[in-house]
Amino acid sequence: MAGIPERPTLDGIEDRWSEVWEADGVYRFDRTAARDQVFSIDTPPPTVSGSLHMGHVFSYTHTDTIARYQRMAGKDVFYPMGWDDNGLPTERRVQNYYGVRCDPSQPYVAGFEPPFRGDPPKDHRAVAISRPNFLELCDELVETDEKIFEALLRRLGLSVDWTLKYATIDERSRRASQRAFLRNIERGEAYSQEAPTLWDIDFRTAVAQAEMEDRERPGAYHKIAFPRSDGEGAIEIDTTRPELLAACVALVAHPDDERYQPLFGTTVRTPLYGVEVPVHAHELAQPDKGTGIAMICTFGDTSDVTWWRELNLPMRAIIGRDGRLLPDAPNDVDNAAYATIAGLTTKQAQTAVVQQLTESGALLGEPRPLQHPVKFYERGERPLEIVTSRQWYIRNGGRDAELRAELVARAGEVTWHPAHMRHRYENWVEGLNGDWLVSRQRFFGVPVPVWYPLDAAGEPVYDAPLLPDEALLPIDPSTDVPAGYESAQRDQPGGFTGDADILDTWATSSLTPEIAGRWEEEGSDLFGRIFPMDMRPQGHDIIRTWLFSTMVRSHHEFGVAPWSNAALSGWILDPDRKKMSKSKGNVVTPLDLFETYGTDAVRYWAASGRPGVDTAFSEDQMKVGRKLATKLLNVTKFVLMFGEGEGVAASTDAVTNPLDLSMLAKLDETVAEATAGFEAFDYARALERTEAFFWWFCDDYVELVKGRAYNSQGSDGATSAVAALQTALSTVQRLIAPIVPFAAEESWSWWNDGSVHAAAWPSTTGLGGDAKLVDPIIEVLTLVRRAKTEAKVSQRAEVTSVTVSAADDLHSAIELGRADLADAGTIKEFRVVAGQDLSCDVILAPTT
RNA sequence: GGGCGCAUAGCUCAGUUGGCUAGAGCGCUUCCCUUACAAGGAAGAUGUCGGGGGUUCGAGUCCCUCUGCGCCCACCA
């Protein structure tokens, strides 16, 4: 117990209490707790590729309020923190930060010093470094970034147990990721396949459907004439990608389209290249698009893939993995014509092809510009291409209706907050059109844990991958050697080769419950105590990635949904209702706001955003939060002045005055509502109810009974008032603690031992007072205040007499408040007379 | 094209199963240094509850419909 300070202040309480909480292990998870005593949280590991922003502060605060509530409600809270540091975002940051790029053909340099540490000049050309050197820099940068993240989240007051920290690149994560993936392979849930794949030409990796997004880009329709093989004129098609003409394998129109029905089964010749291609019918073709007949190329977009597959068309690939046209034409394409565009970028090739078509007369009219959506990797800068490559997939229902239905049904095991977020999940799952591509041609990630035997010709036998023993995990197939082989046999005919790819970052972060819970780690029984988890908090934008992928892995491995509740948080919006974006320069750093308003105030703003609802960034709300925190300190100081230093754990037995009981009845309602709010993961409602009571308590009730508490009406009245004040104070401090943990702890510490965050969640007093009894009395107080305000005198000014006119049924209540009102309003004479609506005749004492 | 959400005071939002004259905070106006708090306190003004129709004794709340805004998905020649 710290005692009451002279001048309560919020300054510095964050650092002070953070240290105490850490030292006392207030948030430490008890690993012996049984499953039904535990509340486990599948914390979203932030991507370690930059800085934490207000969106993080917003949603992490939401989760923390729930964690704190559950802890006070008696649960042993499993609240870990992780860092999502593997994958492309980190690689890109390393490239930009150090001015390097990974080139696996480079030799390792021991003790390598990067050219820069932070902000290389714009004209700097990235230095090519070996994969091990690159990975070392990844590790280095991630370590410093994570320290900064941890400091900020501690400052935010998150009640995480920092001893449970993990990172998605750490050894345990790699082990869990590889173990789960191997089991997917063994059960047939993961497979590798050579297939057309969405490909980012800058990152030079395959990407998944979930990571793809549309962006509006300018383009142009080009009308091209394909001469008919029978010599009867030409077929005109519109295309936005004339550069793919050499990759054309067919034309396609809708089967019902009478314009083209006579031509189905005939052939045409491609301009410039003279390749004979058939005219096909397919329902996917849209008669109202362009000329109603399209050229199919391998591959211009995803519908080309569909047509190519369903119409059994040949392959004429011309785009390489670097986004440039391949050096050699496909087999049956005139290589002389193709040579003029070989090696060009798609953009350069388009210019060249258009010029050639114009010269040959095959281009009809001028290109017609248009804006159209183009597919991008969500982190990419140039449009995705489609190339054929061998990749690993995990089955997610995209090619299997039965599995899809099972995954949709899993949503029913989860309570969604807010409920409509379930639709987004179902919508996504039902719209899947392919399995989950998990391999990436990148470097900083969990290696695909397989090798392939090489046949006599040195070709990999992909159908018979060599899998490691689980006990040896994690492995790196580029350095580790499969059982039964010698290191010298690597990449030798008859030997083996390691899979060079890594797993997509989601393939690991989809296992956060397993990673955090030390799934199948030797000597740990933790997982059984925390899984399935109670809560998955996350942004609604990653339902299709993180939420869904976690569901897929849990479904395959455990046949159960990984959590019982999913809490989806909204976006932060600019005050002008636009989604907050970094480019607009309107991003305020969290630390500045913590300094300006105090952490509690920022948390207050965050907690006022209802679950799942986009919320405007508002410093005004933070000011209100700061007021609340300040008020909590001040009213605590005031109430404790009456306790003679020892009013701790006030007994409600002493509360006898009906007004005090009425206040406690209101408090009981508040406790019930706040509890119901938190139970439903609605921290905003809990806050709103608590706050409404708190301000009423401070502004009205405390003012009303202040005099009595000062002993103006004898010791029984004072005892009742003080006991009621203390009961309410103790309760409010605990109700508000999940939202403003620092001010709550500070004020609690003045008169209690131990942390408020380890205290029991308040229960109702059950004293059965009449909550409404005190209302007309407060109303009279307000009328007296109004009279003074209108007379422009101090509230302390003396009142000669007050005549209250009120309906008969209020008289007894007002009588009960007579003495308190006289004190609070400095009223000499107080009368109650019969009347209709409540009104007051206030006669002020003459001022001198 | 399909799905979901939102629309209440100048602003940000509450309004839970339909029920007294529709609420809060911010902002605004006026006043007050009052022995917890002047980085405070008291009081006040402000609404065709997006439009139209329906159910009902009664609709911000339920049903239909229209409009506007936002998000997700599909389409992408």
Side-chain angles (χ1 to χ4, degrees), chain A residues 4 7-10 214 219 221-222 224 237-242 244 251-253 284-286 289-297 300-304 307 370 372-375 418 420-433 540-541 543-544 570-571 573 575-579 597 605 608-610 612-621 623-624 626-628 630-642 673 676-677 680 682 684-685 688-689 691-692 695 698-699 702-703 706 710 781-797 826 837:
Chain A
I4 310 165
R7 274 195 68 81
T9 176
L10 296 171
D214 286 348
Y221 273 128
H222 300 76
I224 302 175
I237 64 104
D238 276 318
T239 179
T240 55
R241 300 202 63 182
L244 292 179
L251 301 188
V252 65
L284 213 60
Q286 295 184 21
K289 273 273 162 74
T291 58
I293 186 161
M295 80 171 176
I296 303 174
C297 305
D301 60 41
T302 49
S303 42
D304 280 345
W307 282 322
L370 80 161
H372 65 153
V374 178
K375 292 202 180 313
H420 69 256
M421 290 297 179
R422 179 176 175 179
H423 296 298
R424 296 213 183 179
Y425 170 89
E426 292 174 345
N427 205 253
W428 172 254
V429 180
E430 282 162 358
L432 286 167
N433 53 34
H540 58 63
D541 53 323
I543 288 175
R544 66 178 183 171
W571 294 107
L573 304 176
D576 67 1
R577 310 299 299 157
K578 298 260 170 52
K579 190 183 152 193
Y597 302 105
W605 158 75
S608 64
R610 305 194 97 78
V613 178
D614 293 348
T615 300
F617 174 80
S618 166
E619 294 193 42
D620 282 344
Q621 274 295 99
K623 289 176 190 165
V624 175
R626 183 166 182 90
K627 258 178 72 171
L628 177 77
T630 305
K631 193 73 166 182
L632 185 61
L633 299 189
N634 283 317
V635 79
T636 298
K637 180 183 174 191
F638 180 65
V639 167
L640 295 183
M641 272 168 35
F642 301 112
E673 287 170 333
D682 191 346
R685 166 165 297 276
E688 185 209 324
R689 301 318 303 154
E691 191 188 12
W695 285 113
C698 292
D699 295 345
V702 168
E703 291 300 323
K706 204 181 215 179
Y710 272 121
L781 180 61
T782 301
L783 291 170
V784 173
R785 285 166 172 169
R786 181 186 301 170
K788 292 181 179 179
T789 298
E790 282 170 359
K792 302 191 177 184
V793 298
S794 158
Q795 289 299 322
R796 199 174 53 165
T826 332
D837 295 339

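Here is how names work: the chains are called A, B, and so on, in the same order as the sequence lines, proteins then strands, and each is numbered from 1.
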key: Donor-acceptor pair present, Asp214(A) side chain and C75(B) base, under 3.5 Å   =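 Such a pair exists between side chain and base.
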
query = Is there a donor N/O on one and an acceptor N/O on the other, under 3.5 Å, for the side chain of Glu703(A) and the base of A36(B)?
reply = yes

inquiry  = Whether Thr630(A) contacts G40(B) is assessed here as follows: a side-chain N or O lying under 4.0 Å from the phosphate OP1 or OP2. Is that the case?
reply    =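 Answer no for this pair, as no side-chain N or O of Thr630(A) is under 4.0 Å from OP1 or OP2.
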
request  = Among the candidates C26(B), C73(B), G41(B), find the nucleotide nearest to the side-chain atoms of Arg544(A).
outcome  =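 Side chain of Arg544(A) sits closest to C73(B).
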
note = Closest to the side chain of Tyr710(A), out of U35(B), G25(B), U34(B), is U35(B)

inquiry  = With no hydrogens and no angle check, just 3.5 Å: does a side-chain donor-acceptor pair link Gln795(A) and Thr789(A)?
reply    = yes

ask   = Mapping Thr789(A) and Arg241(A) onto RNA chain B by nearest heavy atom, which one lands closer to the 5' end?
value = Thr789(A)

Spacing between Trp428(A) atom CH2 and A74(B) atom P, to the nearest angstrom =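 Computing the Trp428(A):CH2 to A74(B):P distance gives 6 Å.
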
key: Between C71(B) (P) and Glu426(A) (CD): distance, integer Å   = 22 Å

ask   = Distance-only, no hydrogens or angles: does the Arg626(A) side chain make a donor-acceptor pair with backbone N or O of Tyr597(A) under 3.5 Å?
value = yes

key: Donor-acceptor under 3.5 Å (Lys788(A) side chain, Ala797(A) main chain)   =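 Confirmed, Lys788(A) side chain pairs with Ala797(A) backbone.
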
request  = Mind checking Lys627(A) for me? I need base, sugar-phosphate or nothing, with any heavy atom below 4.0 Å counting as a touch.
outcome  =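 Sugar-phosphate, no base atom in range.
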
